[in-house]
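Beneath this line is the structure, given in structure tokens, with notes to follow.
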Amino acid sequence: MKSIKFNSYTFKTVLLLFMTLFWSCDDQWLEEVGTVSNGFSDPRNTQDLEQLVNGALWVAGGSGGFRGIHGNQAIYSATISDVGKLMDELGVVGQDAIDWYGRDFSNNTHSQPTRNWEAGYAVLLAANAVIDWVDRNGPFNDQQSHWTPRILGEAHWLRAWVNFNLVKIFAPPYGADNDAPAIIIKNRLPNSAFDNPAPSTVQEVYDQILADLEQAIALLPEEYDPDRDPPAFVDRQNKMAAHFLAMRVNFQMRNWEQAEEHADVILNSGRYPLNEDPIEAWNKDQFGVKGSEVVFQYVTSGSQTNWKPPVISRWLGYSDPNGRWNLTDRFNNNQIMSLSEHFKSMTGWDNHEEAMNDKRYQQLFISFGPNEDPRPTYQGLNQREVWGHKWYRAGEPEASNRVSSLPLMRSAEAYLTRSFLRFSRGEEAGAREDLNVVRNRAGLEDFTGPMTAEVIEVERMKELVFEDDRLYYLQALEKEIPNGDRGPGGIPWTSRTWQSIPQNEIDLNPNVDN
């Protein structure tokens, strides 16, 4: 097979996509066409288009697992913001984590951002293959032709999802400088191996995201229908997932009215009630099973997907690298972050006994003081620490639980977003109602004190910590980003908090500046 190097569609990325689609198709319709940027043979039927979409979600996990874009971007926002504390006395802490915690983004060769970049553009390649084909040829005339609008909607959703993740990681926050170069827009298949666009501006990327979301909302079905859809679609993105992503994007852009409209669609549907304990969103490992609040999750088990587990727990969680916890002699040697003292002080979680009244603290975190954990690694601790314990929670503690599904969209976030939006336009009763829905699910009484933006912010911190929210929430509200445990004060919301475009891309693309 001839190989040609080219920009963000690298040899490794395209080869990975080929492997994905060969693996996921019963009929291997991808021919030996050489490794080129448009190296697809034409799909033969609607089923081939379906496999492209499912393959795109698989390839979101990256080559070899633990290298994808799903969930991994949460590592940056946790490390950069004020919610985590770098525990460099435990295990080995990589230079990448040290740099991000120090808010130093001068090194563009770190492996994790490079993997995110490659995985993101691999997903875009598959999504564009679907969109380009349908745009040129229309639906196939076969028994599955009624799938085409849904497949096309999924492809547009995937482009919006990936571009939103990438622009947050690799570009200035929206509103800081919308004319600044951001990421490379890939909204079509490349024409050749030397098709090397320059980065688009922040505004252009967000405009592309909104355009794709408009298409996704129009095309995606409300929910899975076993009489209409293939079994694999049961855990994939539907219209509500598109509304959820549109809520996030519009909130980031400060399009407050539009963000609230999308939150209303989700919450007024009544399909995602907060009627289960918090752990129920995180302890699922079966195809077609999710917590009642989960709008979209990344399923890492089941013959219909076999998507890959995220790396996030290895950085921010209590489990060991294989998903095991509650062990007597092992620990997560990549477990580099606990909750910051700043976070605990803001939320009241510095009082362990009081915090135990909150089901989120009880169920989604592990806390121990000096000498409470017998393993030698923790004997040097001189104060109580609180570790994230949201991930890898399915099955027994002694088992390898890496198959646990990863919730990426939960209605609790929509309630808290709408609470802020209602409060900001003076509807305090509605803001309080949404806030208390989240509090009550956590086992807490209604909040009856004066409503403030800070009250909502603290509840959001407790609900969404380590879920890729805090940094971008502060930027959306144009608020100072506190230093956390780094010392007093903070940095402006416009300060450098994004990664440089990876060196691999710069080496191959002459239109990307160093």
Side-chain angles (χ1 to χ4, degrees), residues 7-9 13-14 16-17 20-21 37-38 40 43 49-62 68-73 116-136 147-171 174 182-191 195 197 199-221 233 236-250 252-253 262 296 298 307 408-409 505:
N7 63 355
S8 46
Y9 299 111
T13 294
V14 175
L16 171 61
L17 189 57
T20 299
L21 295 169
S37 54
N38 57 350
F40 287 95
L49 296 177
E50 166 71 14
Q51 294 299 340
L52 269 172
V53 170
N54 197 56
L57 282 159
W58 186 86
V59 83
I69 195 167
H70 62 286
N72 298 357
Q73 67 274 18
N116 284 178
W117 183 271
E118 291 176 351
Y121 281 99
V123 175
L124 292 176
L125 179 62
N128 287 335
V130 170
I131 295 169
D132 278 16
W133 171 264
V134 176
D135 282 351
R136 291 196 316 269
W147 290 356
T148 305
R150 186 260 306 163
I151 292 170
L152 191 59
E154 287 188 89
H156 281 286
W157 185 94
L158 284 164
R159 281 205 318 207
W161 178 58
V162 166
N163 281 328
F164 188 48
N165 286 334
L166 290 177
V167 78
K168 289 191 298 180
I169 296 172
F170 293 104
Y174 188 86
I183 62 172
I184 299 167
I185 289 181
K186 293 285 187 177
N187 57 5
R188 57 174 174 76
L189 285 176
N191 295 319
D195 186 356
S200 299
T201 66
V202 172
Q203 186 65 55
E204 289 169 338
V205 175
Y206 274 87
D207 288 345
Q208 178 68 55
I209 293 169
L210 290 179
D212 278 320
L213 284 173
E214 183 178 359
Q215 290 296 311
I217 290 171
L219 293 166
L220 286 169
F233 181 63
R236 298 212 306 249
Q237 55 276 21
N238 57 24
K239 194 182 296 289
M240 289 300 174
H243 279 294
F244 202 106
L245 186 55
M247 176 192 72
R248 281 181 174 168
V249 173
N250 280 288
Q252 203 67 39
M253 297 176 72
H262 291 291
F296 175 65
Y298 194 94
W307 299 342
L408 292 173
M409 296 178 175
E505 178 71 26

Do Glu505 and Ile184 have side chains that approach each other closer than 4.5 Å (heavy atoms only, starting at C-beta)? yes
Quick one, Tyr206 with Tyr174, criterion ring pair (Phe, Tyr, Trp, His ring centres under 6.0 Å). Give me CA distance, side-chain angles, the key distance, then yes/no. CA-CA 8 Å; Tyr206 274 87; Tyr174 188 86; 4.8 Å; yes
Search all heavy atoms of Ala129 against all heavy atoms of Leu52 and return the closest pair with its distance. CB-CD1, 4.0 Å
Answer whether the closest heavy-atom distance between the side chains of Gln215 and Leu152 falls below 4.5 Å. no
Can you see whether Asp207 engages Gln203 through a side-chain donor-acceptor pair at a distance of less than 3.5 angstrom? yes
Is any side-chain heavy atom of Phe233 less than 4.5 Å from a side-chain heavy atom of Pro221? yes
Approximate separation, where rounding is to 0.5 Å, of Trp157 CH2 and Phe296 CZ: 4.0 Å
Does Leu49 offer a backbone N or O that forms a donor-acceptor pair with the side chain of Trp133 under 3.5 Å? no
Evaluate the side-chain contact (heavy atoms from CB on, under 4.5 Å) criterion for residues His262 and Ile217: first the C-alpha distance (whole Å), next the side-chain angles of each, then the deciding distance (0.1 Å), finally the verdict. CA-CA 10 Å; His262 291 291; Ile217 290 171; 3.6 Å; yes
Once you round to the nearest 0.5 Å, how far does CG of Leu166 lie from CD1 of Ile185? 11.5 Å
Begin with the C-alpha distance, continue with both residues' side-chain angles, and end with the deciding distance and a verdict on side-chain contact (heavy atoms from CB on, under 4.5 Å) for Lys186 and Val162. CA-CA 11 Å; Lys186 293 285 187 177; Val162 166; over 6 Å; no
With a 4.5 Å cut-off on side-chain heavy atoms, are Phe164 and Gln252 touching? yes
Heavy-atom closest contact (Ile131 atom, Ala155 atom, distance): CG1-CB, 3.7 Å
Can you find a heavy atom in the side chain of Leu57 that is under 4.5 Å from one in the side chain of Leu158? yes
How long is the span from the CG atom in Asp195 to the CZ atom in Arg188, to the nearest 0.5 Å? 4.5 Å
Quick one: does any side-chain atom of Asp212 pair with a main-chain N or O of Arg159 as donor and acceptor, under 3.5 Å? no
Please work out which of the three classes, parallel, tilted or perpendicular, describes the rings of Trp117 and Tyr121, given edges at 30° and 60°. tilted
Atom NE2 in His243, atom CG in Leu220: separation rounded to 0.5 Å? 9.5 Å
For Val59 and Ala122, work out which heavy atoms get closest and say how close. CG2-CB, 3.9 Å
Quick one: are Leu245 and Gln237 in side-chain contact, heavy atoms under 4.5 Å? no
For the residue pair Arg150 and Arg236, establish whether any side-chain heavy-atom pair is separated by less than 4.5 Å. yes
Taking every heavy atom of Ala182 against every heavy atom of Pro199, the minimum-distance pair comes out as O-CB, 3.7 Å
Whether the side chain of Asn163 engages the backbone of Val205 through a donor-acceptor N/O pair (distance < 3.5 Å, no angle test) should be reported. no
Over all atoms of both residues, closest heavy-atom pair of His156 and Ala216: CB-N, 4.1 Å
What is the minimum heavy-atom distance between Pro149 and Leu219, and which atoms define it? O-CB, 3.4 Å
Can you tell if the side chain of Asn165 reaches within under 4.5 Å of the side chain of Asn116, non-hydrogen atoms only? no
Approximate separation, where rounding is to 0.5 Å, of Met240 CE and Met247 CE: 12.5 Å
